[in-house]
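First the proteins, then the strands, lettered A, B, ... as listed; each starts at 1. Note that these values count all heavy atoms, side chains included, but never hydrogens, waters or copies made by symmetry.
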2 protein chains.
Amino acid sequence: MNVIEPSANQPKWTRKPEARPDEVLEAALDVFAVNGFAATRMDDIAKAAGLSKAAIYLYFPSKDDVFKALVEQRIGVLQAHFDTAAKDQKRDPVAGLRLVARMWATSFHDLRVAALPRIILAEALRFPELAEFYHRTVIERTQGALVELIQAGIDAGLFRQVEPLLAARALVSPLVFEILRRQAFPSHTSGPPMETLVEAIFDLFLNGIAAAPAPNDRGVKP
Amino acid sequence: MNVIEPSANQPKWTRKPEARPDEVLEAALDVFAVNGFAATRMDDIAKAAGLSKAAIYLYFPSKDDVFKALVEQRIGVLQAHFDTAAKDQKRDPVAGLRLVARMWATSFHDLRVAALPRIILAEALRFPELAEFYHRTVIERTQGALVELIQAGIDAGLFRQVEPLLAARALVSPLVFEILRRQAFPSHTSGPPMETLVEAIFDLFLNGIAAAPAPNDRGVKP
DNA sequence: TCTATATAACTGACTGGACAGTTAGTTGTC
DNA sequence: GACAACTAACTGTCCAGTCAGTTATATAGA
């Protein structure tokens, strides 16, 4: 929560005005992440950005639009990561899947960004187009990449003949679940750090889809 | 969305007044499920219950309390199912786990009830005590039951030496995920009905934790 | 280098609508 | 006629969005 302050006192807009929209979005992310959408006041965002509420309306037509712009900004970046990385790895499906899982963890290392999926979920009814956008840009693409990798693994005889889409969700859902869980129940967030957890989830997943003699069988007691 | 109407027209309170709180909660469930918490007006609930807004305040002190009462009412029932069933099945962990998964599907067959987890997730920040209550009554208990079953399975040599808590979440999360997904992205809800999906998810899960020669290996192509 | 003027960036104070919660009074029942 | 069940209309507050005005910057002319 970095409130932007014009150094100490006087010069009120020495900062470059063309940076303003991004500053507003940065502040908005801080505030939305803590309060969710509905409970966030434009005044809060303004204060966090070191501006007055009216100034925000110079750059964004409405509160809704601030939120949409924020999501598009952060999600665009995130999603680009995913599918370039996935494409690179078509040769080695296991490595590809592991990479996607790890990127997931690092992408959501910023807790403010991790709050976005929760907020979108919460506001999906109010912003069907936004939900649709998120689905198209993030969910479908990630899913698509995973499905391809899993299918490649099946074709190569590395994985069992599972339903790829189902398997993709089996990998993603514990990760999403964990993110949501940590936010909704902050008092029950003991346990290993995200990175370790991702490895464990991935191992379990891999064992679930691995062809008969599990290639990764540490933990098995014969 | 069954609006309660005093049959046709006149007799305005021939209904038993002691049924009123439950009628209000029933109506509230209808409305909250569609609109979420914040966007639901007390007038909406009142209308759905065939009452005036003021009448609701005769039975509940505030909107928050209506919501809390609703959650407690619906969740209490749901959770009772889970752990009795789980206790019965300690002898056969696989059957026990399968039963819990299936009960899950049937419990959330009522789409209005399925909306509750989403709403709680959305409002967790606003109602930390409610989130806490939900965690205690639903999450911890379900998790506890699953962990016991999984541990029993490991002890019996049926399952690999996995982290039981992690495995429990690996089973639950795709189910929760599916429920949330269907609500947030109603336009992308093709695919098999919940029941079929639960079976598929369960099979995949079972393969993930099964001891070396998978006891359930339909789907494997040698 | 020093005003003067134009204009860009911004703000304080306001408006209007929505809605949770209240109250004074009405309608029905026994 | 006494009491329970209920309601219409009101109150107060909160907040998104607006607007009339203020403060800084850029440019120009002297």
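- Annotation: salt bridge (charged side-chain N to carboxylate O under 4.0 Å, His left out) contacts involving residues 177-188 of chain A, sequence neighbours excluded, comprise A:Glu178-A:Arg181, A:Glu178-A:Arg182, A:Glu178-B:Arg169.
- A:Leu51 has its CG atom 14 Å from the C1' atom of D:dA24, to the nearest Å.
- Rounded to whole Å, atom P of D:dA16 lies 16 Å from atom CZ of A:Phe60.
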What N/O pairs connect the protein and nucleotides 17-22 of chain C at under 3.5 Å? Give each pair on its own line.
from, atom 1, to, atom 2, distance (Å)
C:dC19, OP2, B:Arg41, NH1, 3.4
C:dA20, OP1, B:Thr40, O, 3.4
C:dA20, OP1, B:Lys63, NZ, 3.4
C:dA20, OP2, B:Met42, N, 3.0
C:dA20, N7, B:Lys53, NZ, 2.9
C:dG21, OP2, B:Tyr57, OH, 3.0
C:dG21, OP2, B:Lys63, N, 2.9
C:dG21, N7, B:Lys53, NZ, 2.8
C:dG21, O6, B:Lys53, NZ, 2.8

Can you list, pair by pair, the side-chain donor-acceptor contacts under 3.5 Å of residues 33-43 of chain B, counting residues two or more places apart and other chains?
from, atom 1, to, atom 2, distance (Å)
B:Thr40, OG1, B:Gly36, O, 2.6
B:Arg41, NE, B:Asp44, OD2, 3.3
B:Arg41, NH2, B:Asp44, OD2, 3.3

Residues 138-146 of chain B, side-chain donor-acceptor partners within the protein, below 3.5 Å, at least two apart:
from, atom 1, to, atom 2, distance (Å)
B:Glu140, OE2, B:His135, ND1, 3.3
B:Thr142, OG1, B:Val138, O, 2.6

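- When the side-chain hydrogen bond (donor to acceptor under 3.5 Å, both in side chains) test is applied to A:Glu163, no partner is found at least two apart in sequence or on another chain.
- The nearest whole Å value for the distance from the CD1 atom in B:Ile56 to the C1' atom in D:dT7 is 12 Å.
- Between the CG atom of A:Asp44 and the C1' atom of D:dC14 there is a distance of 12 Å, rounded to whole Å.
- Aromatic ring pairs are classed by plane angle as parallel below 30°, tilted from 30° to 60° and perpendicular above 60°; the pair A:Phe205 and A:Phe202 is tilted.
- Ion pairing of A:Arg74 with A:Glu26 is present here, as a side-chain N (NZ or NE/NH1/NH2) and a carboxylate O approach within less than 4.0 Å.
- By the 4.0 Å N-to-carboxylate-O rule, A:Lys68 lies close enough to A:Glu129 to be salt-bridged with it.
- The distance from atom OH of A:Tyr59 to atom P of C:dA8 is 12 Å, rounded to the nearest whole Å.
- Within residues 65-74 of chain A, no residue approaches DNA chain C, by heavy-atom distance under 4.0 Å.
- Here the side chain of B:Thr137 pairs a donor or acceptor atom with the backbone of B:Phe133 at under 3.5 angstrom.
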